[in-house]
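The figures here come from the full heavy-atom set of this structure, side chains too, leaving out hydrogens, waters and symmetry mates. Protein chains get the first letters and strands the later ones, always in sequence-line order, with residue 1 at the start of each.
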Amino acid sequence: MRRFDRAAEYLARSTARNTSRRGFIGRLGAIVTATGAATLLPISRVRAEKAAVPIQVQEEGDPNSCDYWRYCAVDGFLCSCCGGSASSCPPGTEPSPITWLGTCRNPTDGRNYVISYNDCCGKAACGRCNCSRDEGATPVYQPTTANDLDWCLGTQTGVAYHCSLSVVTGPAD
Amino acid sequence: MRRFDRAAEYLARSTARNTSRRGFIGRLGAIVTATGAATLLPISRVRAEKAAVPIQVQEEGDPNSCDYWRYCAVDGFLCSCCGGSASSCPPGTEPSPITWLGTCRNPTDGRNYVISYNDCCGKAACGRCNCSRDEGATPVYQPTTANDLDWCLGTQTGVAYHCSLSVVTGPAD
Amino acid sequence: MYADRLKGLPLFMAALGLLVSSADARPAKKAAPPKVPVLATEDVTLVELKDRMPPHWVVVNDVVFTHLIDGRSYIVDADSGTYLGTVPGGHSHVGVQFTPDASTLLIPATFFSRGSRGERTDVITWFGLKDLMPGAEVVIPPKRVQALPLLSSIPLTDDGRFMLIYNFTPEQTMTVVDAAAKTLVGEFETPGCALAHMTGPRSFMMQCADGSMQSGALAEDGKITLGATTPPLFEREDPASDKPVRIASSRWLFITFSGAVAEVDNATGTPTPGARWKLTAAGEEAWRPGGLQPYAYHAPSGLLYVLMHEGGPGTHKHPGTEIWVFDVAAKKRVARLPLETPSTAVSISNDADPLLYTALFGSGTLVVRRPSDAAILRKVEGLGSDITLIQAPPVAPAAATAP
Amino acid sequence: MYADRLKGLPLFMAALGLLVSSADARPAKKAAPPKVPVLATEDVTLVELKDRMPPHWVVVNDVVFTHLIDGRSYIVDADSGTYLGTVPGGHSHVGVQFTPDASTLLIPATFFSRGSRGERTDVITWFGLKDLMPGAEVVIPPKRVQALPLLSSIPLTDDGRFMLIYNFTPEQTMTVVDAAAKTLVGEFETPGCALAHMTGPRSFMMQCADGSMQSGALAEDGKITLGATTPPLFEREDPASDKPVRIASSRWLFITFSGAVAEVDNATGTPTPGARWKLTAAGEEAWRPGGLQPYAYHAPSGLLYVLMHEGGPGTHKHPGTEIWVFDVAAKKRVARLPLETPSTAVSISNDADPLLYTALFGSGTLVVRRPSDAAILRKVEGLGSDITLIQAPPVAPAAATAP
């Protein structure tokens with residue numbers, strides 16, 4: 001928990017620092033300044049759990065398989081295979097507080113959902129279940145939807161990338 | 001060339017430093033003090049060459065193959081496959097000034113030769129032509145004939161191991 | 001704290017037409033009115049492991065031979081075959097040492113300031129099992145031996161108080177770290193001898209180049225003094241492996257490349273050779289032990305598991321094609337278990353109802369077996385590149401636990 | 001200097017019966033009196049490469065996705081298929097920049113003090129081709145973008161004077177290094193825009209989040225000022241790839257995910273959109289460009305080589321199954337060359353009689369081809385894990401050469 005308080009602090013400080021600078025206030029920064037840096041934080045709460053949180057009961061599919069619906073725009077190692085799950089970081093890593101978003105269709109209910117592809121960071125690459133699907137992913141100059149970027153950049157532990165989450169943040173339709 | 005002068009200096013300094021210490025004068029050290037540290041240097045001269053030095057004309061076999069006779073006690077990546085040869089370090093590496101010795105039989109002339117298995121050092125592992133043959137290799141507590149040790153320890157560039165040479169130092173019989 | 005502010009985020013972004021536009025790019029397919037409830041918004045969570053390592057969890061070490069600076073250990077639940085997580089090593093990774101209570105992993109590691117070059121730093125780092133995060137760190141002399149992994153190059157005293165690190169530069173010394181105070185005690189000369197095989201709370205044996213054994217002792221402050229030496233116990237032609245087997249607090253089996261066994265006891269502080277026997281019977285001379293971790297001893301049953309293969313001199317690293325099981329007290333083979341896949345490492349859990357583990361270097365696969373017949377219970381695949389050593393945690397809490 | 005002293009060494013050691021005793025362990029087989037002369041005692045030598053990179057040598061970059069801290073480049077002689085050596089990268093390795101005379105490689109790299117954790121240090125290091133040893137180093141702000149490799153994130157000015165490094169933290173800035181003085185010039189804000197596509201000795205274009213282009217210029221001291229901006233040139237639904245193609249000093253082709261081509265010229269310092277055309281003709285809409293390095297432009301012939309595959313939106317990283325060849329001046333396809341193996345990277349040497357290169361991420365194999373029909377001339381295997389970008393050196397000496 002401590003680590004994420006720190007991450008939140010970091011972003012708060014980072015925002016404060018940037019109100020007087022142009023660097024964070026550009027075409028990308030517009031989003032940030034309009035809403036506060038916190039809106040780039042799809043992480044609402046991070047809590048430690050004794051086990052990886054499984055997928056929701058009304059879902060179908062195998063989160064250890066690249067075919068699983070939430071992974072429609074992922075690019076990296078699936079945290080499900082790395083000691084975590086689609087929404088849980090493996091032990092000893094730190095979720096990236098900022099990240100990029102994709103939209104995937106859940107075949108069970110036919111709805112589109114906004115998926116947050118937070119990276120889990122601070123350890124060398126997991127190396128298990130590499131999955132690259134890229135649906136709706138954009139070039140790196142459109143970072144809010146770019147999966148070629150290492151999103152560990154906002155973490156305390158550094159930019160080393162371990163694996164990727166695919167977290168349901170809400171319906172897109 | 002500069003680098004090997006430095007390596008020689010290192011060993012000279014190292015010997016000087018150790019004449020007043022027990023550390024280098026034990027069951028292993030006895031060899032060293034009896035003859036001077038330089039005798040642990042199977043490298044007589046190191047010179048830069050425009051190309052990797054090939055095997056000698058009266059030899060047979062493929063130095064890119066683990067079966068090649070000189071490799072009877074090697075354990076590692078063959079420098080022949082890494083931009084060097086059986087006696088040439090690849091560009092950008094540094095030969096280990098001290099090393100371990102094995103004895104292999106040359107099928108062409110039926111003679112046994114003492115082979116010096118110098119490591120080439122200072123770059124990450126080459127990763128090509130891994131070859132482990134271990135004939136006559138001993139446990140690490142008998143270091144002068146141990147191929148499980150990283151012999152880059154005497155180099156200026158550090159202990160990172162890149163590949164292994166197999167240099168003819170003379171007939172063993 | 002961000003939960004409320006974030007509730008409207010997806011909607012906001014959809015309104016912005018920017019972040020979710022990828023959905024619009026796909027053919028809009030009118031879904032039938034869904035009968036299932038909308039998926040809930042999820043929190044990002046972080047998995048915690050247990051306070052202590054259960055007996056059937058296991059640490060699998062990967063030296064990553066082609067990328068030696070990125071060695072690591074994987075933690076696996078061998079009962080379920082689940083991959084639980086990883087702890088980082090460094091250049092030429094050996095393995096971990098468990099604290100006696102199995103709550104913490106101590107990992108010696110070597111780093112360079114510029115990847116594989118630059119300034120070298122050697123450290124010991126404490127990783128709590130529960131969160132696998134790097135905790136305390138002690139910087140040690142940058143001299144740790146770089147070799148194929150040997151657990152006796154990084155032993156912890158039985159009570160967890162001191163860690164010993166074998167150095168080879170080629171000067172031979174031993175670094176001592178106070179694992180309770182998390183401080184460096186010092187570096188001590190051990191000329192001509194290597195490794196430290198613990199033989200009591202503060203004593204150990206070393207193997208020397210001439211085939212002899214050297215005893216050593218740690219004072220209460222961790223300082224090392226060397227003691228008695230034996231005459232050479234082994235011939236140069238058939239040396240004892242540098243991977244001996246501890247069969248009691250002060251007693252070790254030293255096993256030669258050809259399979260000759262010599263017991264040595266250091267209970268008195270003077271290494272004392274004991275029984276000698278052989279792994280092979282008459283007619284079995286073609287069989288030899290081999291691999292990177294050829295021996296596993298199961299204390300509760302007194303059984304020794306050995307990876308054996310057919311081969312001549314110079315094959316001491318060849319993978320085993322069979323596991324031979326010996327009753328150490330009786331000095332007798334009790335089983336011969338063929339393996340469907342050759343293996344370079346064998347290990348066994350330390351509880352009364354154990355699991356047997358094997359792995360082949362390069363396979364990335366841990367095989368979990370029934371000890372009685374080596375039958376495969378399950379396989380755990382995708383464990384990196386180059387599995388070297390498999391480590392089962394201690395089971396019974398040791399007498400003293402380090403703070 | 002040791003030659004004389006060493007001549008007697010093997011004999012001496014044999015007499016000692018220690019260092020060469022392994023020979024004694026083998027059955028002594030009396031050899032027939034040898035008719036060939038005894039092999040000569042050899043020196044250890046060190047290979048030097050050439051002063052400058054010949055046109056058919058090529059740098060193959062390996063990001064090592066599973067061990068990201070150990071990225072590297074391999075140097076290969078594509079005429080002979082010979083592996084020549086390697087130069088180290090670091091975490092999230094991009095590639096090299098050649099000095100205009102092709103004598104030196106500049107490599108930006110990221111390191112951590114403890115492997116994959118700890119203090120981060122970003123540097124640019126000079127490696128002379130001849131000895132491949134790390135030379136000068138400039139420490140830069142530890143903000144270099146960590147992403148799939150993009151050469152426009154680390155451009156060098158055409159005269160070799162300045163190196164630009166794109167930062168994303170997520171603040172967007174550009175670091176400038178004076179490559180002549182080997183000093184840091186500074187860090188400059190480039191809000192909303194990414195990468196730098198060089199358009200002259202001291203000018204460049206950036207791609208911005210809204211689909212527009214931003215011009216930038218370096219003063220003689222290397223300081224960056226931003227200039228004119230275009231309106232958005234691309235729709236969000238079909239963005240231009242971040243891997244545009246330079247077809248002249250100031251002109252680039254920006255190619256969208258679906259294969260629409262837009263030329264932009266920055267000769268005046270104001271990015272000016274030019275011709276628009278498509279890679280696909282009517283009926284070919286199912287075909288798209290894809291891969292990590294989908295485009296290779298050969299200036300002497302004016303031909304553009306593109307990796308194409310059949311696939312819908314979201315397949316912009318899929319490997320190409322064919323190479324389509326275009327005459328850029330005519331905006332016309334001149335050949336369609338099926339590949340026997342899909343490829344994620346295509347490149348071509350810069351000389352008049354070029355070699356075409358392809359590689360598939362994960363294969364570790366560079367395929368050298370004849371440009372006219374993509375016929376395989378040779379393969380170079382064992383090039384690590386994850387080939388990303390293939391880089392051919394500059395051929396003609398540039399107007400100015402950096403010291």
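- Proximity to chain B (any heavy atom under 4.5 Å) is restricted, for D/L84, to the backbone atoms N, CA, C and O.
- Contacts of D/P37 with chain B are made by both backbone and side-chain atoms, with heavy-atom separations under 4.5 Å.
- Between B/Y161 and B/W151, the distance separating the two ring centers is not shorter than 6.0 angstrom.
- Of the two parts of B/C81, only the backbone, made up of N, CA, C and O, holds a non-hydrogen atom closer than 4.5 Å to a non-hydrogen atom of chain D.
- D/L383 touches chain B through backbone and side chain together, each having a heavy atom under 4.5 Å away.
- Interface remark: B/A52 contributes backbone and side-chain atoms alike to the contact with chain D (heavy atom separation under 4.5 Å).
- Of the listed residues B/G83, B/C126, B/A51, the one with more heavy-atom pairs under 4.5 angstrom with chain D than any other is B/G83.
- For a residue to count as touching a neighbouring chain, one of its non-hydrogen atoms must lie under 4.5 Å from one of that chain's; by this rule B/K50 touches chain D with backbone and side chain alike.
- In this structure, B/C79 and B/C163 have their SG atoms less than 2.5 Å from one another.
- Using modelled atom types, one finds a donor on one side chain and an acceptor on the other under 3.5 Å when comparing B/S132 with B/D134.
- For the residue pair B/D119/B/H162, the side-chain donor-acceptor check at 3.5 Å is not satisfied.
- Aromatic pair D/H91/D/F111: centroids not less than 6.0 angstrom apart.
- At a 4.5 Å heavy-atom cutoff, the contact between B/A125 and chain D is made by backbone atoms alone.
- Defined by atom type and a distance below 3.5 Å, a donor-acceptor pair is present between the side-chain atoms of B/Y113 and B/D109.
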